[in-house]
*Asks:* 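The structure's right below; bear with me while I get my questions together.
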Amino acid sequence: MKVELKLRNILRQLKSADPKKRYEALDDLYQYKQQDDLQVQIEVLLDCIKAATAKFPKRVDHWDNPSYYLIDFVCDFRMPQIMESLMENFERLDLLAKERAIEFLLSTEDQKAFYFLEEKMVQLIQSDKLFRSIRELRAYPVLARNILNKTFDKIHTEPYKFMYYSLISSINESGLDPGYKEEKLLPILLEDYQTVLEDYLKYDSDYSTKFVYMAWKDSYLLIRNRLRLFINLMMYYFSPEVEKELRRALHFKDPIIRTDALIICLSKSLPYEQGILVETANHIESAELLYWKLLERNLQHLYPIQEEVQPHLAKTRFFNTMVGNPDEEGNFQYPEEIQIVDQLDAENVQRRLVRYYFIRFQMNNIDYVGWAGGYSLESEDPQGAIWDETYTDFVEFDSLSIEEHKQAFLDGKKKLMNVLDQHVFYESSPKLSTGAWFAIAVIVPFAIRFSYYLFNFPILNILIVIGLACSFSFIQVQRNKKRKVLIIGDQLVVKRGAKQNSIGLRNIEKVEYNQKHVLIYNKHHELTLKFPLSWVHYDLFQQQMHKNVAHYKDKPFIQS
């Protein structure tokens with residue numbers, strides 16, 4: 001109840017005319033949002049949604065948007081009641097709050113929510129009010145197609161153009177509607193491609209990987225991404241003019257763009273030079289991209305490097321990890337002279353034996369240590385299969401011997417594994433029972449009134465009744481503290497006082513629930529654990545279970 005009372009106080013403060021009080025309230029709300037295992041009564045969450053529809057005092061800064069932050073807070077709680085309330089109150093929300101609500105409703109993958117979103121998103125797009133959430137539609141090609149069918153003309157407008165091309169790409173890639181609106185789209189695609197191509201050609205003659213990340217940066221990367229979008233669409237919108245453009249793109253200096261064009265040429269059985277395949281396979285930017293694109297099309301036999309594939313891919317993985325994570329000031333970290341020094345096999349956080357490559361690289365004329373991996377050692381996996389833990393702590397290479405660096409890496413992994421093994425990802429205890437609340441809320445007031453009629457000293461009797469009710473409630477609370485459901489490390493644990501039962505998450509076949517209990521079955525289809533449904537907030541419990549088993553190859557069924 002403590003959390004609920006504080007949240008209701010926050011709702012009151014957000015309506016204050018004093019900006020300082022609103023700021024403090026939003027800061028308190030943010031602190032609650034940061035709590036991973038926060039549990040809040042559904043009634044209070046629904047009140048937050050209703051509060052988000054209110055008219056708030058005039059904003060004083062960009063942070064001063066209570067409607068958005070309230071909706072962002074409740075969207076962390078995946079419950080059917082939240083979905084229903086968001087749809088019911090949608091029209092009265094601030095525009096940014098609507099965008100956040102759309103993201104939540106999409107994630108439910110509920111058919112009712114999709115029908116609702118189709119109508120609302122079309123309205124917002126037609127009035128030029130919706131932008132951010134459009135990108136989320138990529139994961140839902142049927143809904144994306146329905147919305148595009150009704151708003152297709154927006155592809156001619158600058159704010160929507162590239163978002164729409166991205167959605168069209170997802171519709172094609174999903175297999176839902178290959179060549180979607182081909183007659184309409186092909187001439188527009190070629191025209192827009194030429195516009196972006198003109199921007200790209202300003203860079204092509206001077207292209208170097210170092211220029212991309214150290215000088216040109218975002219100005220170039222935006223053009224690259226747009227050109228790649230168009231080239232990848234050419235797979236589905238093919239014509240003699242498209243073929244001409246693909247052949248031309250094979251000779252661009254950007255290895256990423258060349259790889260995209262090469263893959264389409266291979267898929268369409270168009271001629272290409274073997275030297276282009278070799279160059280893209282050996283380039284630090286494109287080596288891994290080419291490998292996986294060939295593998296996707298069962299053309300991996302064409303990859304020109306057949307020996308020592310993993311260490312070759314490890315270098316490009318390390319490079320792309322570094323340049324893909326700019327520092328706090330937005331500057332790219334550009335590693336040079338990347339060398340594989342050694343390798344070692346160790347368990348990763350998923351308890352799989354994988355291979356890590358010990359890397360030596362240079363930045364600002366200083367040699368550092370890096371690690372790429374962990375690569376699968378299972379024979380049925382592709383050679384590039386990886387549970388990615390590629391990183392560097394910028395430890396200087398000469399600070400230790402090679403063996404000492406390897407031992408430091410293993411020690412660090414051991415500490416991490418110990419922390420994860422003991423980390424409590426989820427914890428829940430039963431709340432005060434309905435019977436206890438009934439005793440406090442109904443029986444006590446009745447007993448107080450009844451005492452005035454039957455006893456000469458009603459105050460004494462009233463104190464006795466209140467004492468008994470409090471004692472009963474205290475006993476219930478103490479008992480409930482000893483009843484717990486926990487996810488600790490890779491174990492699901494159920495405690496009943498001194499008694500404790502557990503099962504490894506890997507050994508769970510199925511998680512189900514009925515009106516009274518949560519049922520956990522092992523891989524032999526045997527009921528292994530059973531606890532009352534009232535002991536957990538099931539929506540939060542199943543969400544955490546999904547997170548903790550997401551990396552398993554053989555994931556358990558978890559009832560939603």
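A quick note: this is a predicted structure, and the numbers were derived from the prediction, not measured. Values below: all heavy atoms of this structure, side chains included; hydrogens, waters and symmetry mates excluded.
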*Asks:* Between D177 and N172, is there a side-chain donor-acceptor contact under 3.5 Å, judged purely by atom types and distance?
*Replies:*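 Result is no, nothing qualifies.
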*Asks:* Which of these, F361, F332, Y334, sits in a ring pair (Phe, Tyr, Trp, His ring centres under 6.0 Å) with F319?
*Replies:*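 Among the candidates, only Y334 passes.
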*Asks:* Got Y213 and Q333 here, is their nearest side-chain heavy-atom distance under 4.5 Å?
*Replies:*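 Contact flag for Y213/Q333 side chains = no.
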*Asks:* Using a 4.5 Å cut-off on heavy atoms from C-beta on, say whether the side chain of L505 contacts that of L492.
*Replies:*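 SC-SC contact between L492 and L505 confirmed.
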*Asks:* Please collect all salt bridge (Lys or Arg N to Asp or Glu O under 4.0 Å) contacts where either partner lies in residues 164-175, sequence neighbours excluded, each pair once.
*Replies:*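 Those involving residues 164-175 are R138-E173.
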*Asks:* For the residue pair Q422 and N418, confirm or rule out a side-chain donor-acceptor distance under 3.5 Å.
*Replies:*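 No, N418 and Q422 have no side-chain donor paired with an acceptor closer than 3.5 Å.
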*Asks:* Please check this pair: side chain of N348 against backbone of R352, looking for a donor-acceptor N/O pair closer than 3.5 Å.
*Replies:*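 Indeed, once roles are kept as given, a pair shorter than 3.5 Å links the two residues.
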*Asks:* If the condition is ring-ring contact (aromatic ring centres under 6.0 Å, His included), which residues does F238 pass it with, not counting sequence neighbours?
*Replies:*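 For F238 there are no ring-ring contact (aromatic ring centres under 6.0 Å, His included) partners, ignoring immediate neighbours.
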*Asks:* Could you list all the salt bridge (Lys or Arg N to Asp or Glu O under 4.0 Å) pairs where at least one residue sits in residues 205-220, not counting sequence neighbours?
*Replies:*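 Listed once each, the pairs are K210-E336.
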*Asks:* Could you report the tightest heavy-atom contact between A281 and A287, atom names first, then the distance?
*Replies:*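 Taking A281 first and A287 second, the nearest heavy atoms are O-CB, 3.2 Å.
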*Asks:* Under 3.5 Å, side chain of S107 to main-chain N/O of F104, donor-acceptor pair present?
*Replies:*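 Flag set: sc S107 to bb F104 pair under 3.5 Å.
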*Asks:* Does T151 reach the main-chain N or O of V122 with its side chain, forming a donor-acceptor pair under 3.5 Å?
*Replies:*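 Not at all, since once roles are kept as given, no pair shorter than 3.5 Å links the two residues.
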*Asks:* Say whether, by atom type as modelled, one donor and one acceptor occur between the side chain of Y291 and the main chain of S286 under 3.5 angstrom.
*Replies:*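 Absent.
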*Asks:* Please confirm whether the backbone N or O of W63 pairs with a side-chain atom of D61, one donor and one acceptor, at under 3.5 Å?
*Replies:*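 Here the side-chain-to-backbone pair does not exist.
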*Asks:* Go through it in stages, so that I can follow the logic: the residues are K253 and D204, the test is salt bridge (charged side-chain N to carboxylate O under 4.0 Å, His left out), and I'd like the CA-CA distance, side-chain angles, deciding distance and then a yes or no.
*Replies:* CA-CA 6 Å; K253 290 188 177 180; D204 186 70; 5.8 Å; no
*Asks:* Between D539 and R78 (salt bridge meaning N to carboxylate O under 4.0 Å), is one present in this structure?
*Replies:*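 Result for this pair is no, no salt bridge flagged.
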*Asks:* Which pairs pass salt bridge (Lys or Arg N to Asp or Glu O under 4.0 Å) with one or both residues in residues 183-193, sequence neighbours excluded?
*Replies:*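 Residue pairs passing salt bridge (Lys or Arg N to Asp or Glu O under 4.0 Å), neighbours aside: K161-D192.
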*Asks:* For residues T280 and L289, determine if any side-chain heavy atom of one lies less than 4.5 Å from a side-chain heavy atom of the other.
*Replies:*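 With C-beta onward as the side chain, the pair stays apart.
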*Asks:* State which residues pass ring-ring contact (aromatic ring centres under 6.0 Å, His included) with F394; sequence neighbours excluded, sorted by chain then number.
*Replies:*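 Y368.
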*Asks:* Holding to ring-ring contact (aromatic ring centres under 6.0 Å, His included), I want the full list of residues that pass it with Y203, two or more places apart in sequence or in another chain.
*Replies:*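 Scan of Y203 (ring-ring contact (aromatic ring centres under 6.0 Å, His included), adjacent residues dropped) gives W216, Y220.
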*Asks:* Test ring pair (Phe, Tyr, Trp, His ring centres under 6.0 Å) on Y357 and W371; report intermediate values, then the result.
*Replies:* CA-CA 6 Å; Y357 289 95; W371 296 92; 9.7 Å; no
*Asks:* To check you understand the geometry: which heavy-atom pair defines the closest contact between D342 and I402, and what is its length?
*Replies:*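 Minimum heavy-atom separation between D342 and I402: OD2-CG2, 4.1 Å.
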*Asks:* Less than 6.0 angstrom from the centroid, inside 45 degrees of the normal: does K181 satisfy that with respect to the ring of F152?
*Replies:*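 The answer is yes; both the distance and angle limits are met.
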*Asks:* Just one of N548, D490, I488 clears the side-chain contact (heavy atoms from CB on, under 4.5 Å) bar with F425, so which one?
*Replies:*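 Of N548, D490, I488, side-chain contact (heavy atoms from CB on, under 4.5 Å) with F425 is met by N548 alone.
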*Asks:* Without swapping roles, check the side chain of D393 against the backbone of V395 for a donor-acceptor pair under 3.5 Å.
*Replies:*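 Side chain of D393 to backbone of V395: no pair is present.
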*Asks:* With the side chain counted from C-beta on, respond yes when I508 and I503 share a heavy-atom pair under 4.5 Å apart, and no when they do not.
*Replies:*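 I508 vs I503: side chains touch.
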*Asks:* Hey, could you give me each pair passing salt bridge (Lys or Arg N to Asp or Glu O under 4.0 Å) that has a residue in residues 220-237? Not counting sequence neighbours.
*Replies:*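 For residues 220-237, and leaving out neighbouring residues, the salt bridge (Lys or Arg N to Asp or Glu O under 4.0 Å) pairs sorted by first residue read R224-D254, R224-E285, R228-D260.
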*Asks:* With no hydrogens and no angle check, is any side-chain donor or acceptor of S133 less than 3.5 Å from a backbone partner on E99?
*Replies:*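 Side chain of S133 to backbone of E99, a donor-acceptor pair under 3.5 Å: yes, one is there.
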*Asks:* Tell me, do Q544 and K547 make a side-chain contact under 4.5 Å, heavy atoms counted?
*Replies:*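 They are in side-chain contact.
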*Asks:* Report, one line per pair, each donor and acceptor closer than 3.5 Å where one atom sits in a side chain of residues 266-273; sequence neighbours left out.
*Replies:*
| from | atom 1 | to | atom 2 | distance (Å) |
| --- | --- | --- | --- | --- |
| S267 | OG | I263 | O | 2.9 |
| S267 | OG | R297 | NE | 3.4 |
| K268 | NZ | M235 | O | 2.9 |

*Asks:* Partners of E136 by side chain to side chain contact (heavy atoms under 4.5 Å, CB included), sequence neighbours excluded?
*Replies:*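 E136 satisfies side chain to side chain contact (heavy atoms under 4.5 Å, CB included) with E103, L106 only.
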*Asks:* Looking at K413 and E347, is any side-chain nitrogen of the basic one under 4.0 Å from a carboxylate oxygen of the acidic one?
*Replies:*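 A salt bridge is absent here (no side-chain N lies under 4.0 Å from a carboxylate O).
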*Asks:* Do NZ/NE/NH1/NH2 and the carboxylate oxygens of R247 and E243 come within less than 4.0 Å?
*Replies:*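 So R247 pairs with E243 through a salt bridge.
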*Asks:* Heavy-atom count around E307 CD within 6.0 Å, excluding the residue itself: above 12?
*Replies:*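 Not more than 12 within 6.0 Å, no.
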*Asks:* Is the side chain of N364 donor-acceptor paired with the backbone N or O of I366 at a distance under 3.5 Å, no angle test?
*Replies:*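 Checking the backbone N and O of I366 against the side chain of N364, no donor-acceptor pair under 3.5 Å is found.
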*Asks:* If the condition is side chain to side chain contact (heavy atoms under 4.5 Å, CB included), which residues does E337 pass it with, not counting sequence neighbours?
*Replies:*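 For E337, the residues satisfying side chain to side chain contact (heavy atoms under 4.5 Å, CB included) (neighbours in sequence not counted) are Q362.
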*Asks:* Is a donor on one side and an acceptor on the other found under 3.5 Å between the side chain of Q310 and the backbone of Q383?
*Replies:*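 Yes, Q310 side chain to Q383 backbone: donor-acceptor pair under 3.5 Å.
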*Asks:* Do the side chains of I188 and H156 get nearer than 4.5 Å, heavy atoms only?
*Replies:*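 In short, these two side chains touch, coming nearer than 4.5 Å.
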*Asks:* Are there more than 12 heavy atoms of other residues, nucleotides or ligands under 6.0 Å from atom CD of Q339?
*Replies:*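 Yes - once you tally the heavy atoms of other residues, nucleotides and ligands closer than 6.0 Å, there are more than 12.
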*Asks:* So E509 and N522, do their side chains get closer than 4.5 Å, heavy atoms only?
*Replies:*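 Side chain of N522 against side chain of E509, heavy atoms only: no contact under 4.5 Å found.
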*Asks:* Do Q543 and H546 come within less than 4.5 Å of each other through their side chains, counting heavy atoms only?
*Replies:*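 Result no, sub-4.5 Å side-chain heavy-atom pair not found.
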*Asks:* Begin from the C-alpha positions of H301 and Y303 and carry the test ring pair (Phe, Tyr, Trp, His ring centres under 6.0 Å) through to its verdict.
*Replies:* CA-CA 6 Å; H301 59 281; Y303 198 68; over 10 Å; no
*Asks:* Any donor-acceptor pair under 3.5 Å linking the side chain of R258 with the backbone of L250?
*Replies:*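 Present.
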*Asks:* Can you list every ring-ring contact (aromatic ring centres under 6.0 Å, His included) pair that touches residues 183-202, not counting sequence neighbours?
*Replies:*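 Every pair satisfying ring-ring contact (aromatic ring centres under 6.0 Å, His included) with a residue in residues 183-202: Y200-F252.
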*Asks:* ring-ring contact (aromatic ring centres under 6.0 Å, His included): which pairs involve residues 106-139, sequence neighbours left out?
*Replies:*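 Every ring-ring contact (aromatic ring centres under 6.0 Å, His included) pair that includes a residue of residues 106-139, provided the two are not neighbours, is F90-F116, F114-Y140, F131-Y160.
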